[in-house]
Structures are given as structure tokens and as C-alpha cells.
Amino acid sequence: MADEQVARIERDGAIAICVIDSPPVNALGQAVRQALVDAVAQANADAAVDALVIHCAGRTYFAGADVREFGKPPVPPHLPDVVNTIEASAKPVITVIHGSALGGGLEVAMGCHFRLATPAAKMGLPEVTLGIMPGAGGTQRLPRLIGVAKALEMTAHGAPIGAAEAKELGLVDAIVEGDPLQAALEFARTVVADGTQPRRTSERDDKLGDAGNAALFDEFLAKNARKFRGLDAPAAIVALMRKTLTMPFAEAVRLEREGFLALREGPQSKALRHAFFAEREAAKVPGIGKDTPRLKIEKVAVIGAGTMGSGIALAFLQSGFEVILIEVAQAGLDRGVTTIDKTLAKNVAQGRMSEDKAARTRNALTPTLEFEKVAEADLVIEAVFELMEVKQDIFRKLDLHARPDAILATNTSYLDINEIASVTSRPQQVIGLHFFSPANIMKLLEVVRTDKTSDSVLASALDLAKAIRKVAVVARVCYGFIGNRMLSVRRVETEALLLAGASPYDLDRVVEGFGMAMGPCRIGDLAGLDLGWTPENSTGNTVKERLCEMDRRGMKNGAGFYDYVDGKPQESPAVLTMIDAFRAEKGVTPRSFGDEEILQHMLYPMMNEGAKILEEGIALRASDIDVVWLFGYGWPRWTGGPMFLADQIGLPAIVEALERMGPGHEPAALLRRLAAEGSSFVEYDKANGG
Ligand code: T1G
């Protein structure tokens, strides 16, 4: 019998009810699977029962298989067998979906004979986001319910659909208002009264018209080639469905199960599962609990209406906050407001936002030149020029004008926030909220706690991150915190390789081939090569400065490492000539670099810096460092992040490679220790409560 804690069987007249209650998301762990099998057996053995309702208590319907079981040997009853048992029931099985029916959860629902959904319910097969494919009949039952094309799209992309669309497609029979269980009971009584027989999805083929249409699958794959680049699961799903939808159901699900098991054991799924849990672990900060007092934040003042300031303002506006946008000059303020207006208009034009919502969002913005308006704000974020003196001047004024309980945040990318806080009388109210450009789009938010940031301010910032749909990672103060500190290491490495003989275009090709959205030189052009550079302070000691001296400042003025023709990057012979001359001037005889050697130089020093960030306590976990790179810099998610990838490569191999790279690449003490112990960053996190 199943563990009583996850399920209970109730009766309502001749309707049996299997209530699953397994917080937090009714994941289909072994006890839940057993409970479902038992419930079907009991209902069919009891002559007094005419139908069975499967209902989930708590905040959501089954959220899928229990992903925490994946690394362990599968324990029966296996989910495909559970779904088949439900479907084979001689008595009608009705289920009602609230919250999310995802993966195995939707597969269970599709094994039922009738499906209901609440208006806000969502349904999907997100297995592909975990590097696997459905393993309990999803690739076979979904097309039978909604047709091949839509099922292919839902399964290969993994995005959920809402209840209304599900009803329209035929995935659910009805949308029910009010109490879901009562609605399901009423539906069940009608099924019984009408004598409606169980309707088994696996026996339906009326929507499989496109099953043999190979072109549909091939066109889908071609259309999504860029999106699926580097990923195993989407292509495997398309191939599996292309091959099996014309087969007998039993043979098809057998092949599906084989495909699921093969992907589950693969490196990409392990990495994607790591990423899934790492994101959730990052939100857990020792010492910050539900009982930590929070500050109410409704009105936000943003100081500086430049690229970052207007992006930050948008991030809050789009999440329903009131925003006061403060500038020192009208022209700057107007530019910021124009950026915001243009973005809102674009959201409306692209159907991402209604006119009404855009208008309400815009009305929540108060642009002003009056610094004193910070007094109205619960939170103030400065996003002004990246110079310590400028930021300290702002914080001195904030100390005078902001409310005593207001949170004072800086968006600095690199600077010492302890030093910024030191000019105020309230350092405990000061925190770093480091957004990533474009701030209204990039998911990562580095929440930087100073030596004096109070728990209450930190807890409020973490809640705020959730409220504006950001993924927060807590960092301590150091130059560049987590992400930019590691990026700086790669920037140094890039310059060293260029000087030693590597082409900027090879560096980008190798890093983009690894899966990063952009290589180091393209990133430099995008961000602007002249950040912090002036002709007066130029040393001419790096390729980047030489480019600035050539007035090649990056995309912003049409030329950097690349020439930009209609916005498209083109390799520049002039740049290669300059670099050759630069090497000669430095007395360096250039040598060639193979792709693998380039990649090791681009990755390993960053992993090494991550180990230093960890041992210095700047980051709480190695997995937090992965989250920073996954959500802030477009690191290929299917590798899990720099620290997870380092584990997969093997720490001893990384130590050896760093030693081969010579001076400036000394392995971090923690990296050496873990390598020597045959350990890993994952083990380090487990041992340190990560
Ligand atoms: N297994 C185990 N734990 C899970 C889980 C799952 N499937 N989903 C969530 N959790 C944990 C999560 O780690 C967190 O734990 C807590 O629940 C709350 O999650 C055979 C094989 C359902 C939309 O991919 O998308 O089925 O941190 O913070 O924001 O074909 O969780 O509190 O300790 O995300 O309200 C397919 C994954 C599995 C769905 C809720 N299913 N989950 O979001 O809460 S593969 C999925 C989600 C599969 C079958 C295949 C979301 C959510 P803790 P949360 P949320």
C-alpha cells in the first residue's frame, strides 16, 4: 500500500475519489505512483463504485515525475505502467487539473478518460527542458488528443499552454469554475448517469492524420535548427514522433521509453537537471527565512535614465511597481522616457502587452529632475556613471533626502559597495542590485550584500527579485562580484591570446561553437570597447585600447574588432594588420592556436576564478556561480554552467591544463584540493549546505 501521507481515498456516493497530497508540487514519486495504482484497483474491485475521480490537493496538479529520483535506479510501479493502468480501468476515470499539469503529470491526465481544468490551469510536456523526452506515453497520447503538429510543437519546445487553448485543442473536455473537486464529481455523476463508457486516448486515431507526413517533421526541425542548436533532446523527440506515430501504440511507447531512458542517462540531461535545481537553490540564503522581516516595496526611485536606468525602470514598471525616474538634465531624462515609451509600444505591437496594460504601465512612471522626490520611494536604485566619486556623491545626497527606512541600492557592476555605503549614516540599508543589460530582459540579478547589509534588507531584495521575475544570486563584495569578476579573467585571457597569435575571429568562433551566444570580441564590440577609456588615460597596452585609439569603439560607432555593415559583423583586415603590428612592437612572435587550446584558455581560467570566488565566500555555492552564467551571460544551459562543466571535465584535468598555461594561471587552492581528493564542486556544495 502507498504511504498514507501522500494519498487518501474518499467517496461521494458511487464516485470514488483519489486525493493525492504530496507537497510541494505532487511530484509523481514512488509513493504517489503506488497510490494511483491502488486507487484504480480499489475502484474497479468495489461494486458500489461507478467511477473514479483523481484529484490533487495543494497548489498544483502533478508537476511531473519526481526529478530527484532520476539519478537513482527506477522503482516500480513505473510511470508508463501507472498511466496504462489508469487508462485500462473498466470504470470511467475523471481528473481535474489546477495549477500545472506538467510532464508525467499531463501524461497521467491523458491516461484518464475525461479531463477538466480550472481557468488558470496550465498543461505541458517540459521534459525537453530537462534534456529528456516524455517517458510515459506523452509523445503518443498528446497527438491523439490535439493533432500531430501542435503536439510536436508542445513536446519539442516544452512550453505549456493555458486551459482555454487546451479546451479548444481537445486536450481537456471542459473548463470548470469554482471548486475543482466538486466540478469533477458533478462531471463524473453525469458520465455515470449517461452510461458513457471509458474513452481511452491510446485507442483514438482520428487526429493522427499527419502521422505519416514526414515533411511536417522535417520542416519543423529545419525551422527550429537555430533554437535546437547543440541540444540532443529536441531532435530525438522529433525523430521519435516521426518514426512511431504510425506504429501500434504499445510498440511506440516502448520506443519512447527507450528514448527517454537514453536521454536521461546522457550528459545534457544531467546538466539541465542541475540547472533546474541550481536556480532554486540560489534563492535559499542561510539566515534568511520566512520569519525575516521584510520592507514593503511599492514605489521605486531610479537615479539615472541612461541605458541601465531606463532598463531598470522598465523592469519594475512591467511588474506593476510605481517608478520615479530621476535625471539631472532634461535631455537625459527625455532620452530615458523615450526608450521606455518605445519598448512599451514594441511590446504592444508584438502582442506581448495590451494597449491598456501599456497605458497603465506608462502612467506608473514619474520622470523628474527633482532629486528630492526620492523621499517618496521605498527603494532607491542608482544607475549613474561607473565612477566611485559620482556614486558616493549620490549616496551622500540619498542619506539626506531618502526616507530613513528606504533601501538604498546601487547598480554598480564592479565597484566596492562597502565603500559606497560608508558615506551614509545607514550602511545597513545599502545593497547592490546588479542588473544585466538589457535590464528589463536579462533574468539575472546579482544581489550584493555588504559587510553591513541587514538581513531584512537582503530578504526584501530577494523577494523583490521574484516580484520582478528575476533570478537572484547573492554575492559578497569584490571587484566584479561573481559574473563580471570571471568575465574580467576571460578578458585578460583574450588579450593574452591575441598578443600570442590567436585571431579575434577564431576566439569568437570557438566560444560561439561551444554554445555561448557571443564570443569575447563580439561581446566587447556590443558593450563598447571604450567603457572607462579616454584618449587621455589610454595606455595603448592592449588590443582593445589600440582599437579605441583607432576610434573603433565597437558596434556603437560601426567598427570595433569587426566592421559593422548594416549591423552585421564582418572580419576586418585592418584589425588583423594592427594586431600584427602590435605583436611586433611587443616583440612577440605569433604562434597558432588549435580550437581545443583556445577553448581551454577561454573556459578554465574562469572556472579557476570561480573556485577563488567560492573559497573567498563571495558566492555561497558553486551552483550559484553556474546560475550567474546561465542567466546573465548566455552560458549554454545544456552544459550546466562553468562549475558543473568543470566537474564533468574532471578537476585534475583542469589543474593540469592551468599549470601548462603557465604564469598567471596558478590553480586556486580549493580547486587543487578538490582535484587531489577526487572530489567535485557538486560535492563541495553538498558538504557546505549548498
Ligand atoms: N520533481 C521534484 N521536485 C520538483 C519538481 C519535480 N518535477 N518540480 C518542482 N519541484 C520542487 C522544486 O525543486 C522546489 O523545491 C519546489 O518543488 C517548488 O518548485 C515521465 C520524466 C511545477 C511550475 O519539468 O516547472 O515528468 O526548492 O520553486 O515556481 O515524462 O516547479 O522548495 O525544495 O519551481 O511554483 C517534468 C518542473 C518532469 C516541472 C512550480 N516536470 N517544475 O513552480 O515552484 S520530467 C517539470 C516546475 C517528467 C515524464 C518525465 C515548477 C512548477 P524546493 P518551484 P513554482
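Numbering of ligands and ligand atoms starts at 1, following listing order.
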Problem - Salt bridge flag under 4.0 Å for residues R242 and D218 - result: yes
Handout entry: Any non-hydrogen protein atom less than 4.0 Å away from atom 29 (O) of ligand 1
Key = no
Practice task
Could you tell me the residue and atom name of the protein heavy atom closest to atom 7 (N) of ligand 1, and the distance to it rounded to 0.1 Å?
Solution key: A65 O, 2.9 Å
Practice task
Taking atom 2 (C) of ligand 1 as the reference point, report whether a protein heavy atom occurs under 4.0 Å from it.
Solution key: yes
Practice task
Report the part of E107 in contact with ligand 1, treating N, CA, C, O as backbone and CB onward as side chain, heavy atoms under 4.0 Å; options are side chain, backbone, both, neither.
Solution key: side chain
Practice task
Test the R280-F276 pair against the cation-pi criterion, namely NZ or CZ under 6.0 angstrom from the six-membered ring centroid and within 45° of the ring axis.
Solution key: yes
Completion exercise
closest protein heavy atom to atom 14 (C) of ligand 1 is R280 CD, 4.3 Å
Handout entry: Distance-only polar pair, side chains of D38 and Q34, donor-acceptor under 3.5 Å
Key = yes
Practice task
Note the single closest protein heavy atom to atom 13 (O) of ligand 1, along with its residue, its atom name and the distance in Å.
Solution key: R68 NH2, 3.3 Å
Exercise for the section: Tell me which one of E256, K284, E281 gets a heavy atom nearest to atom 27 (O) of ligand 1. Expected result: K284
Problem - For A57 against D21, the heavy-atom pair lying closest together - result: CB-CG, 3.8 Å
Problem - Heavy-atom nearest neighbour in the protein, as seen from atom 18 (C) of ligand 1, with distance rounded to 0.1 Å - result: R59 NH2, 3.0 Å
Exercise for the section: Mark yes or no for whether T60, through its side chain, and S100, through its backbone, hold a donor-acceptor pair below 3.5 Å. Expected result: yes
Practice task
State whether a side-chain donor-acceptor pair under 3.5 Å links T139 with E256.
Solution key: yes
Handout entry: Proximity to ligand 1 by part of D66, non-hydrogen separation under 4.0 Å
Key = both
Problem - Short side-chain to backbone donor-acceptor contact, N26 and Y61, under 3.5 Å - result: no
Practice task
Examine F70 against ligand 1 and note whether any of their N/O atoms are separated by less than 3.5 Å.
Solution key: no
Fill in the blank from the handout: Checking heavy-atom distances from atom 41 (N) of ligand 1 to each of G105, G103, A63, the winner is A63
Practice task
May I ask you to identify the nearest protein heavy atom to atom 10 (N) of ligand 1, giving residue, atom name and distance to one decimal place in Å?
Solution key: V25 CG2, 3.8 Å
Exercise for the section: Identify which of I132, L130, T60 has a heavy atom lying nearest to atom 24 (O) of ligand 1. Expected result: L130
Fill in the blank from the handout: Ranking V128, V67, L102 by closest non-hydrogen atom to atom 38 (C) of ligand 1, top hit is V67
Practice task
Please check if any side-chain donor atom of S202 sits under 3.5 Å from a side-chain acceptor atom of E87, or the reverse.
Solution key: yes
Practice task
Mark yes or no for whether T292, through its side chain, and S456, through its backbone, hold a donor-acceptor pair below 3.5 Å.
Solution key: no
Practice task
Indicate whether atom 43 (O) of ligand 1 is within a distance of less than 4.0 angstrom of some protein heavy atom.
Solution key: no
Completion exercise
Quick note on ligand 1: atoms under 4.0 Å from a heavy atom of P134 include exactly 30 (O)
Problem - atom 32 (O) of ligand 1 protein-contacted, heavy-atom criterion under 4.0 angstrom - result: no
Handout entry: P24: numbered ligand 1 atoms lying under 4.0 Å from its heavy atoms
Key = 16 (C), 17 (O)
